[in-house]
Amino acid sequence: MKKDETEKQDKTQRETRMRAAIKNAAFELMAEKGLDKVSMREIAEKVHVTKPVLYYYFKNKEDLCSSIIEDHEKTFCEKLQNVQNSAKGPEEILYEGLKSHLDFFMKDPIHSKFVIQMISYTLDMDPKHVPQGGEDRHIHGMLEHFLRQEEKNGKIPAGSLPDIVRLVSGLATEIMFCAYLEQHVCPKHIKGGLYNNEVISRLVKIILLGIKEYYKEQK
């Protein structure tokens, strides 16, 4: 390999590591203190770089937040893709998807804390400035895509897909909030967890059975 190619590769690797270091530092600080209470200066100090270095990689804090969100969406959507590739039928798809969601938030308590801080931060913001994740990896869109084939195969009632997605999305949100309560608000008072694999399995069955009965009545 030529010297200039080696130097270019080394630079790319250094920049990749620096971007990751900045995002990790920002993620930890924002999860702990809140997105609005963390400055770019604090992030730079945690990474041991100057502020201009941060602005070389990210144009502002919203851009940095969006990059963090995109990384987490990518990780979680890869899990959902693995679920879709291995699961058979709508019940297994929903169960494994929600189980992955639960595992994501229970494995590391910082995840639920960051999401809560993110929600709090965006409530008072101009919608145009709210940090966004990647639309092509939107989790709800993926779930709808997976279930559409199940609808075509007659395994879920025709026209029921939007209702299933809404119900499962609501359940996924509650799982995240409950993880936050268990981990950060009242861990001493919640024993055994509000959600586990058995609860998720039962609720998925209830959702699908309820959907089938409702749409049967509409015929």
Side-chain angles (χ1 to χ4, degrees), residues 12-35 38 43 46-47 54 57-87 90 92-122 130-149 164-165 168-184 193-197 199-201 204:
T12 300
Q13 291 174 348
R14 286 195 303 272
E15 290 186 346
T16 299
R17 289 195 296 269
M18 179 55 70
R19 280 183 65 88
I22 292 170
K23 287 192 283 189
N24 287 338
F27 180 68
E28 292 175 4
L29 285 169
M30 291 174 180
E32 191 60 39
K33 301 175 66 175
L35 280 69
V38 175
I43 298 169
K46 188 174 178 64
V47 188
L54 258 62
Y57 291 96
F58 304 98
K59 61 182 180 181
N60 52 38
K61 190 163 68 172
E62 285 69 33
D63 182 38
L64 176 53
C65 288
S66 292
S67 184
I68 292 171
I69 294 168
E70 285 181 4
D71 284 353
H72 284 76
E73 279 190 355
K74 181 179 179 181
T75 298
F76 191 69
C77 286
E78 285 173 353
K79 292 179 182 291
L80 286 183
Q81 187 65 59
N82 291 335
V83 166
Q84 196 270 339
N85 291 338
S86 60
E92 194 170 338
I93 289 174
L94 296 183
Y95 169 75
E96 292 295 339
L98 287 169
K99 180 177 175 294
S100 295
H101 193 71
L102 176 65
D103 291 343
F104 178 78
F105 285 108
M106 295 305 293
K107 184 178 180 180
D108 192 338
I110 197 172
H111 290 144
S112 62
K113 184 179 285 188
F114 179 83
V115 173
I116 293 295
Q117 297 283 21
M118 186 74 207
I119 293 171
S120 176
Y121 177 65
T122 56
V130 173
Q132 299 293 326
E135 291 300 321
D136 58 325
R137 295 189 294 271
H138 196 278
I139 293 169
H140 295 173
M142 287 188 70
L143 179 59
E144 186 172 347
H145 172 73
F146 297 158
L147 291 175
R148 186 169 287 112
Q149 188 59 47
I164 295 175
V165 171
V168 173
S169 297
L171 181 54
T173 301
E174 188 183 34
I175 287 173
M176 183 277 297
F177 274 110
C178 287
Y180 177 76
L181 290 174
E182 291 177 44
Q183 295 162 342
H184 306 292
L194 296 172
Y195 281 93
N196 54 43
N197 295 348
V199 171
I200 289 174
S201 177
V204 166

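Small disclaimer: the values here were computed from a predicted structure and weren't measured. Numbering starts at 1 and runs along the sequence shown.
Residues Q183 and P109 come closest through the heavy atom pair OE1-CA, 3.5 Å. When all heavy atoms are compared, the tightest approach of F58 to D63 is CA-OD2, 3.3 Å. Nearest heavy-atom pair across I68 and H72 is O-ND1, 2.9 Å. Closest approach of A21 and V47 over heavy atoms only: O-CG2, 3.9 Å.
Between S100 atom OG and K107 atom NZ the span is 11.0 Å, to the nearest 0.5 Å. Note that the CG atom of L98 and the CG atom of N197 stand 10.5 Å from one another [nearest 0.5 Å]. The CD1 atom of I119 sits 10.0 Å away from atom OH of Y180, with the distance rounded to the nearest 0.5 Å. The line from CG of L147 to CD1 of I164 is 6.0 Å long, rounded to the nearest 0.5 Å. Once rounded to the nearest 0.5 Å, the distance linking CD1 of I69 with CZ of F114 reads 5.5 Å. L102 CG to Y195 OH: the interatomic distance, rounded to the nearest 0.5 Å, is 9.5 Å.
Ring pair F104/H111 is parallel by interplanar angle, where below 30° counts as parallel and above 60° as perpendicular. In this structure, F105 and H101 have perpendicular ring planes: the angle between them is above 60°, well past the 30° mark.
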Pair N82, E78 - check side chain to side chain donor-acceptor pair (under 3.5 Å), show working. CA-CA 6 Å; N82 291 335; E78 285 173 353; over 6 Å; no
Take L94 and L143 through the test side-chain contact (heavy atoms from CB on, under 4.5 Å) and record every step on the way to the result. CA-CA 8 Å; L94 296 183; L143 179 59; 3.7 Å; yes
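Side chain of Q117 to backbone of L35: no donor-acceptor contact under 3.5 angstrom is found. No side-chain donor-acceptor contact under 3.5 Å links E144 to the backbone of V165. Formation of a donor-acceptor pair under 3.5 Å by the S120 side chain with backbone atoms of I116 is not found in this model.
Inter-residue side-chain proximity for T12 and T16 is flagged as met; some heavy-atom pair is nearer than 4.5 Å. Using a 4.5 Å heavy-atom cutoff, the side chains of V168 and V204 are not in contact.
Judged as a salt bridge (charged side-chain N to carboxylate O under 4.0 Å, His left out), the pairs with a partner in residues 92-101 (not counting sequence neighbours) are, in order, K99-D103.
Enclosure of atom NE2 in H145 is not indicated, since only 12 or fewer non-hydrogen atoms of other residues, nucleotides or ligands lie within 6.0 angstrom.
For the residue pair E28 and N24, no side-chain donor N or O sits within less than 3.5 Å of a side-chain acceptor on the partner.
Salt-bridge annotation for E15 and R19: absent, with no side-chain N of the basic residue lying under 4.0 Å from a carboxylate O of the acidic one.
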